Asks: 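Here it is, the structure in full.
Computed over heavy atoms, backbone and side chain alike; hydrogens, waters and symmetry mates excluded. As the structure is a computational prediction, the values presented were derived from the model and not from experiment. We're numbering straight along the sequence, starting at 1. Counting starts at 1 for both ligands and their atoms, in listed order.
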Amino acid sequence: MSTAVQPHLGILTSGGDAQGMNAAVRAVVRTALSRGARVSAIYEGFQGMVDGGDGIREFTWADVSSILNKGGTVIGTFRSQDFREWEGRRRAARNLLQQGIDRLVVIGGDGSLSGLDQFRADWPGLLAELVEAGEISREVAEAHPALMFAGLVGSIDNDLVGTDSTIGADSALHRIIEAIDALASTAASHQRCFVVEVMGRHCGYLALMAAVAGGCDYVLIPEHPPEEGWEDTMCAALRQARANGRRDTMVVVAEGAQERSGEPITSARVRDVLEERLGEDARVTILGHVQRGGSPSAYDRWAPTWLGFEAALEVLVATPDSIGTVIGFHGNRVTRVPLIEAVARTREVPGLIRDGDYAKAMSYRGQAFTDMAQIFRELVDPTASSDDRSTGKRIAILHVGGLAPGMNSAARDAVRLGIRRGHTMLGVRDGFVGLRDHDIAELGWADVEDWLADGGAELGVRRTMPTVNDLYAISRTLEEQRVDALLMIGGWNGYQAVHLMHRERDHYPALRIPMVCVPASIDNNLPGSELSIGSDTALNVVTQAIDRLKVSGAAARRAFVVETMGRYCGFLALASGLSGGAERVYLHEEGISLDALQADVAWLRESFAAGRKLFLAVRNEEANPLYTTDFIARVFEEEGGGRYDVRQAVLGHVQQGAAPTPADRLLAARLVSAALHTLDEQFAAGSARSFYQGLSDGAIERFGIEHLNDDIDAAFHRPREQWWLALRPVLRAVAEPI
Ligand code: ADP
């Protein structure tokens, strides 16, 4: 940057800590440095600028090395009382200006962000007072007429109105679901009741999402207090679930749950109700600070990295007239909301709950939240909503493609939601092979009891595409089983097969039924959806593998070349490169040239000579047919001249073999619910169109299967448009420049 005065940016974390804050700090620091700015970390939240001195420390590139995988915040956080006072803010302004800092990125909750807004409002007054008292010169005050800032939301509660996700919420959900999965296995052995209390004083996000992703039976959240007599309703629901095949009982309570009267509903109270009315042994588990702990999830690394990148850029180009914003996400797109507006709306929620305006309180949480509340109600109710089964249809579920963690969760949710909506649900074994060979059977509510947290595919999955010859046998099965609709939960070949059947429907009348594709593939290469079920799980597996590799290489001078799956889609490689802190990512979308490899080698040599200890490159499996992982590793080794050694790690099928993450389970629930709605619409209209369902811009979308070829790059089996390519400049900014 060739401006006369080099901008100097301050970064701080404040309020409650959250996993992923470090990723944001690292991104802000490195983006600022990569743009030629100076950057200082302000320690212990606002207190660091009140105290000055060591509380404000200028950072270099290396100061944020090796922090990406750490929970909490390495620059500390604090609830500063001093900053709430004018005098504290006056000292803060003086200390900042002594360093020439008038640009801030603050990562915190709504409290911290409103503190920031207060500081902005007071800034001119504070400066006037400092000039008056002779603590700063008039020139300094005139050179810094306004405080320019951006806010990022660090909050495990996901409680800020105006952004779909906050830093730390995904990791907290990981901790909660690990606990619920563990409890479920012991609870089922003893037919026990568990009451799990999760954080969320005013926000039921963690509780509701945990209830869906954990397969729980009942949930109590602040935004939707239960009606009077809820104890009876709850116990009746739990009895019914047991009668229908549930072996354990799991109730999730948000810490801020309350009755309509405002009377708190504590976990102890719920336990007493269960013991008294159900006569069962009930245990309470309060997860507490465990939810804030541990290494951040993959999402809480790549997403805050992106936010930090955007925040640094925004603050660096800000002018004194700029409006400070909160930078967040709408789906997988970065959005900006004026800070005052976001804070004001967030603070309205407790009042709305107090006034009994639950519908508005719920709506402030966004569409995904209200959808999920409805999905949860349906998932736990084993009774068909329609008494007349003759109105119900017969829907067959099958998996096609490679195994994706979350296929089981999706099939389980589809069975339960389908039954609830009055349908008969059929499971097809081994994809189109089973449909051809008549391997199909009805699935009941209890049959899918253990599927949710299981990473495999109980129905079996095959890549096999039906040939035109198979279509006759498939038609016979569909006719004999009176199948009214197909729900294909799978990957590329599944989409192609549904497209083929759609085209052949004139020849085979039995194929004239509605069919819906739900994206499930670790490759994340399916059209119509920003994410496919399984991709978040695979990403977490790769990220954890990278963490371990880094530990293994810490004692040596080592370069790693890690190969990920993804076929021709580089999502997994790029996102894991961001989450794992890679210096270099090789994608098919960008290609690999010999010139680039040569530049990488030259840089590696120099960099290790200058003291580097570790280097990480992530290569997508199809990045280049000739420059293979092995080839790149050998080139690095040979050209390194012994300055470092090189290891390659082809991660292979471990990427498909994990229990689905909370995000994948939630995505599965949302997508199959939407797919069943799509089918219901087709039934109601007497129509037989086919679709692929997806998540786009945070909203559920669907596309007619006839458009499939318009949306895909058929040669490379990936969508034409790939939103995540926007992450490439982010990686370049935070990875050491090569
Ligand atoms: P969170 O940011 O997690 O919501 P808090 O509400 O505790 O956490 O706020 C964190 C810090 O932000 C406070 O300790 C205080 O230093 C600062 N802060 C909050 N509100 C204000 C305010 N109105 N004026 C000045 N500072 C504030």
Asks: For ligand 1 and Gly111, I'd like to know whether there is a polar contact (N/O to N/O, distance under 3.5 Å).
Replies: yes
Asks: Output yes when the distance from some N or O of ligand 1 to some N or O of Ser80 is under 3.5 Å, and no in every other case.
Replies: yes
Asks: How many angstroms lie between CZ in Phe149 and OG1 in Thr325, if you round to the nearest 0.5 Å?
Replies: 8.0 Å
Asks: What are the atoms of ligand 1, with element, lying closer than 4.0 Å to any heavy atom of Ser114?
Replies: 20 (N)
Asks: To the nearest 0.1 Å, how far is atom 27 (C) of ligand 1 from its closest protein heavy atom, and which atom is that?
Replies: Gly115 CA, 3.4 Å
Asks: Would you tell me whether Ser171 and Asp300 have side-chain atoms, one donor and one acceptor, within less than 3.5 Å of each other?
Replies: yes
Asks: Quick one: is the NZ or CZ of Arg365 closer than 6.0 Å to the six-membered ring centre of Tyr205, and within 45° of its axis?
Replies: no
Asks: Can you name the atoms of ligand 1, numbered from 1 with element, that are less than 4.0 Å from a heavy atom of Gly16?
Replies: 3 (O)
Asks: Is there a nitrogen or oxygen of Gly109 sitting under 3.5 Å from a nitrogen or oxygen of ligand 1?
Replies: yes
Asks: In terms of atom number and element, which parts of ligand 1 are under 4.0 angstrom from non-hydrogen atoms of Ser112?
Replies: 1 (P), 2 (O), 9 (O), 10 (C), 12 (O)
Asks: Looking only at protein heavy atoms, which one is nearest to atom 8 (O) of ligand 1, and what is the separation?
Replies: Gly15 CA, 3.5 Å
Asks: For residues 86-137, which residue pairs pass the ring-ring contact (aromatic ring centres under 6.0 Å, His included) check, not counting sequence neighbours?
Replies: Phe83-Phe119, Phe119-Trp123
Asks: Look at atom 7 (O) of ligand 1 and say which protein heavy atom is nearest, naming residue and atom and giving the distance to 0.1 Å.
Replies: Arg79 NE, 2.6 Å
Asks: Whether Arg120 and Asp117 form a salt bridge (side-chain N of Lys/Arg under 4.0 Å from carboxylate O of Asp/Glu) is what I want to check.
Replies: yes
Asks: Taking heavy atoms and a distance under 4.0 Å, where does Phe46 meet ligand 1: side chain, backbone, both or neither?
Replies: side chain
Asks: Roughly how far, to the nearest 0.5 Å, is CH2 of Trp724 from CG of Asn332?
Replies: 13.0 Å
Asks: In terms of ring plane angle, is the pair Phe571 and Trp302 parallel, tilted or perpendicular, where the classes change at 30° and 60°?
Replies: perpendicular
Asks: Does the side chain of Ser65 pick up a donor-acceptor pair with the side chain of Arg30 at under 3.5 Å?
Replies: yes
Asks: For atom 13 (C) of ligand 1, what is the closest protein heavy atom, and at what distance to 0.1 Å?
Replies: Arg84 NH2, 3.7 Å
Asks: I'd like to check which ligand 1 atoms, numbered from 1 as shown, lie under 4.0 Å from a non-hydrogen atom of Ser14.
Replies: 10 (C), 11 (C), 12 (O)
